[in-house]
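A quick write-up on the structure given underneath.
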Amino acid sequence: MQFDLGIVPFSRYGSFLVVSRLGSDRRAEGLYLRNVRGGDNRDGAVFRLELVDDGVAVPFEAVATPTVLVLRAEQGELELCMGEPQLVQVRGRGVGLRLVVESEAADYVMPAPADCLVVNHFTTELHFRLTPLAGKVAVEDAWKATRDSQVKLSFLPDGQTGELEGVIEEFQTVWRERSYPDFASGRARVEQEYREWLGQTLPLSEAAREDGLAEARELAAYITWSCVVRPEGYLPRPAMYMSKNWMTNIWSWDHCFNAMALTRWNLPLAWDQLMVFIDRQDESGVFPDFINDRYALWNCCKPPIHGWTLGWMLARNDDVTDEMLTAIYEPLCRWTDWWFRYRDDDQDGIPQYNHGYDCGWDNSTVFLDGTPIESPDLPAYLVLQMDVLAGVAKRLGRDDEAQAWEEESEATLQRLLAQHWDGKKFFATRSGSDQPTRGDSLICYMPLVLGEKLPEAMREQMIADVQQRFLTDHGLATESPASPFYRSDGYWLGPIWAPVTMLLVDGLRRAGEEKLSQEIARRFCRMAAASGMAENFDALSGAGLRDRAFTWTSSVFLMLAHEYV
């Protein structure tokens, strides 16, 4: 499999290092070695990569595969791999590799023993050691007072053999003396790790294989494998970032889908994905909006789909222990209580979203006229979460609590039906009002996640509406294409999204609507196979939009193609 570095970054499991194509008003267009620490408010560029012949940059093409990146020029070629998460190993013949640092910070380069060089890269708060194993390293400085305004470092081939080999290693404080594997050994190691991941990744169903989705499965497997970073800083566990393009955080509902896709074959890593937000839960019960290796953001939150997620996982892996459930039970109780205690201003028993970011549908039309909004998806998620808490409490021998959760789940369901169903459809309102919001958003049909818990006649009416107004050739639009607010690239004003697809496909399956569930899953998977694992998709053309190497899209594709198609 080969991929375009302008769409899918080159990286590996456990690494914060990435090679991808950048270009903007701030930076010259080209391939960059990047560091994705610190969140999505910076691009993390460290070095721009150039091939050089006799000190002159030469044109080249990049051929990226999951484990090796090849840069080919007329004069020669260079290979890069990441044999270890903190290393970039290089090997070439006929050309050199120039690393260009362009920065306004006080970045500088110093010589080091054994003919090595060390770059102190203030912009990313890291050091990089360049070690030659064949050939040499050289530096061209443009020194200005306390900083190098532009630094050019090169791995240059041996004058006799025309070959070079070397290592770029990141470190934060001091370099620890060590030996390096040769390029062939590093390549063999990363290839073995990737083959093992690919071999264990969810297989395609027979129908998905017949649809020709094998290459898309490998792309999804590579994206999920390469987006895992090792525990560091604020991250106490190995964690799967949403992307190593620009969305270099973990949001507190995105992680659920990544946990689910790992459940059947890698339960320890799946559990890490689910628990990483519980590790950082506030004492009030709320989860942060997102986390990364540096910090959490607390201005917003995300919807409470964690109970639904846990229930899905329990149904697919019997190895979840009572000890694991004990660790997650109280945090999920606090998370559930938080919504009723802190997000129900009018005290009507239906919690509210204070901003579009809180529900994950950032700019849905239910928020057109302001907030707070009581949206019917929120109590539906809480009903499912309380059902799962009841089941966990019963398994842990906490029968009184199980009964209390069952009763509160039923009471919340009845309040939802009484306050947000008009006889034909569910609707959202401003908190304290009974007037429906504007627009025609699919968010008002998310109570279908309740599956068999909805009355049959109500369910049938909703399904008919979804098919008539939201189902396109590629899946479920988030705003009806007939709506005056529909936008082809409008984020939540129309585009198709993986999490919504997964929630509704699962709800329809549990409601016995297997044929429709399969058809929606099939359309989504075919679209992702054609357009890549994008953050979202044009509902009418199926084109991939925004960040086109997204993990929750990859995870949802894998689950749908394995179980629902």
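One is the number of the first residue; the rest follow in order along the sequence.
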query = Going through the distances and angles, do Gln414 and Glu410 end up as a side chain to side chain contact (heavy atoms under 4.5 Å, CB included)?
reply = CA-CA 6 Å; Gln414 294 309 316; Glu410 181 60 26; 2.7 Å; yes
inquiry  = To check you understand the geometry: which heavy-atom pair defines the closest contact between Val286 and Gln281, and what is its length?
reply    = O-CG, 3.6 Å
message = Looking at every heavy atom in both Phe426 and Cys444, which two are closest together, and how far apart are they?
response = CB-O, 3.2 Å
message = I need the minimum non-hydrogen distance between Pro304 and Tyr381, along with the two atoms involved.
response = O-CB, 3.5 Å
key: Charged N-O contact under 4.0 Å between Asp282 and Arg334   = no
Electrostatic pair Asp348-Arg415, nearest N-O below 4.0 angstrom = no
message = Here's a test for you: under side chain to side chain contact (heavy atoms under 4.5 Å, CB included), which of Leu235, Asp40, Val228, Asp254 qualifies with Tyr241?
response = Leu235
inquiry  = Does either side chain, that of Thr551 or that of Asn258, offer a donor lying less than 3.5 Å from an acceptor on the other one?
reply    = yes
query = Residues two or more places apart in sequence or in another chain: which of them pass ring-ring contact (aromatic ring centres under 6.0 Å, His included) with His306?
reply = His255, Phe287, Trp335
key: Intermediate values then yes/no, side chain to side chain contact (heavy atoms under 4.5 Å, CB included), Tyr194 and Tyr222   = CA-CA 8 Å; Tyr194 175 67; Tyr222 167 73; 3.8 Å; yes
remark   = So SG of Cys300 and CH2 of Trp251: to nearest 0.5 Å the spacing works out to 11.5 Å
ask   = Would you say the side-chain atoms of Thr478 pair up with the backbone N or O of Leu442, donor to acceptor, closer than 3.5 Å?
value = no
ask   = Are side-chain heavy atoms of Arg341 and Ser284 found at a separation under 4.5 Å?
value = no
inquiry  = I'd like to know if the side chain of Thr371 pairs up with that of Asn354 as donor and acceptor (distance under 3.5 Å, no hydrogens or angles considered).
reply    = no
ask   = Do the side chains of Gln385 and Trp405 get nearer than 4.5 Å, heavy atoms only?
value = no
request  = With rounding to the nearest 0.5 Å, note down the distance linking OG1 in Thr224 to CH2 in Trp552.
outcome  = 16.0 Å
Asp547 and Ser243: CA distance, side-chain angles, deciding distance, side chain to side chain donor-acceptor pair (under 3.5 Å) verdict = CA-CA 8 Å; Asp547 192 325; Ser243 172; 2.9 Å; yes
query = Taking atom CG of Asn41 as the centre, does the number of heavy atoms from other residues, nucleotides or ligands within less than 6.0 Å exceed 12?
reply = yes
query = How about Asp318: does its CG atom have over 12 heavy atoms from other parts shown lying under 6.0 Å from it?
reply = no
message = Under the criterion side chain to side chain donor-acceptor pair (under 3.5 Å), I'd like the reasoning laid out for Asp440 against Tyr486: C-alpha separation, chi angles, the key distance, then a yes or no.
response = CA-CA 9 Å; Asp440 193 6; Tyr486 175 85; over 6 Å; no
Would you give me the side-chain donor-acceptor pairs under 3.5 Å for residues 449-461, sequence neighbours excluded?
from	atom 1	to	atom 2	distance (Å)
Lys453	NZ	Asp387	OD2	3.2
Arg459	NH1	Leu454	O	3.0
Gln461	NE2	Asp465	OD1	3.2

ask   = If you measure from CZ on Arg230 to OG on Ser15, what distance do you get to the nearest 0.5 Å?
value = 6.0 Å
ask   = If we ignore angles and hydrogens, is there a donor and acceptor under 3.5 Å between the side chains of Gln200 and Glu196?
value = no
query = Do Phe16 and Thr248 touch side chain to side chain, with heavy atoms closer than 4.5 Å?
reply = no
query = If every non-hydrogen atom of Ala543 is compared with every non-hydrogen atom of Ser531, which pair is closest and at what distance?
reply = CA-OG, 3.8 Å
task = Indicate the atoms forming the closest heavy-atom contact of Met462 with Pro447, along with that distance.
result = CE-CB, 4.3 Å
ask   = Are any of the side-chain heavy atoms of Tyr445 and Leu476 separated by less than 4.5 Å?
value = no
task = Kindly give the heavy-atom pair with the smallest separation between Val8 and Leu219, and that separation in Å.
result = CG2-CD1, 4.2 Å
request  = Kindly indicate whether the side chain of Asp289, heavy atoms from C-beta on, has any atom under 4.5 Å from the side chain of Asn299.
outcome  = no
inquiry  = Main chain of Met260, side chain of Arg316: is a donor-acceptor contact present, judged purely on distance under 3.5 Å?
reply    = no
note = The reported gap from CZ in Arg523 to CG in Leu560 (rounded to nearest 0.5 angstrom) is 14.0 Å
query = Would you say Thr412's side chain and Pro379's backbone share a donor-acceptor pair under 3.5 angstrom?
reply = no
inquiry  = By the definition side chain to side chain contact (heavy atoms under 4.5 Å, CB included), identify the one residue from Leu297, Asp293, Asn292, Ile291 that meets it with Asn249.
reply    = Asn292
request  = Measure the CD1-CG distance between Ile463 and Leu508 for me, rounded to the nearest 0.5 Å.
outcome  = 5.5 Å
ask   = For the side chain of Ser375 and the backbone of Leu378, is there at least one donor-acceptor N/O pair under 3.5 Å apart?
value = no
inquiry  = To the nearest 0.5 Å, what is the distance between CD on Gln419 and CD on Glu374?
reply    = 6.5 Å
message = Does the plane of the ring in Tyr491 sit parallel, tilted or perpendicular to the ring in Trp497? Use 30° and 60° as the thresholds.
response = perpendicular
query = So do the side chains of Leu368 and Thr437 get within less than 4.5 Å of each other, counting heavy atoms only?
reply = no
ask   = Is there a side-chain contact between Pro203 and His562, using heavy atoms and a 4.5 Å cut-off?
value = yes
note = Only residue of Val320, Val388, Thr263 satisfying side chain to side chain contact (heavy atoms under 4.5 Å, CB included) with Met313 is Thr263
ask   = Taking side chain as C-beta onward, heavy atoms only, is Lys394 less than 4.5 Å from Asp399?
value = yes
query = Do the side chain of Arg34 and the main chain of Gly44 share a donor and acceptor less than 3.5 angstrom apart?
reply = no
query = Does the pair Ile520 and Glu513 meet the rule for a side chain to side chain contact (heavy atoms under 4.5 Å, CB included), with working shown?
reply = CA-CA 11 Å; Ile520 295 171; Glu513 297 287 341; over 6 Å; no
request  = Would you please classify the geometry between the Tyr342 ring and the Trp338 ring as parallel, tilted or perpendicular, with 30° and 60° separating the classes?
outcome  = tilted
query = Can Met527 and Ile496 be said to form a side chain to side chain contact (heavy atoms under 4.5 Å, CB included), step by step?
reply = CA-CA 10 Å; Met527 174 183 64; Ile496 294 169; 3.8 Å; yes
Trp361 versus Asp377, side-chain donor and acceptor atoms under 3.5 Å = no
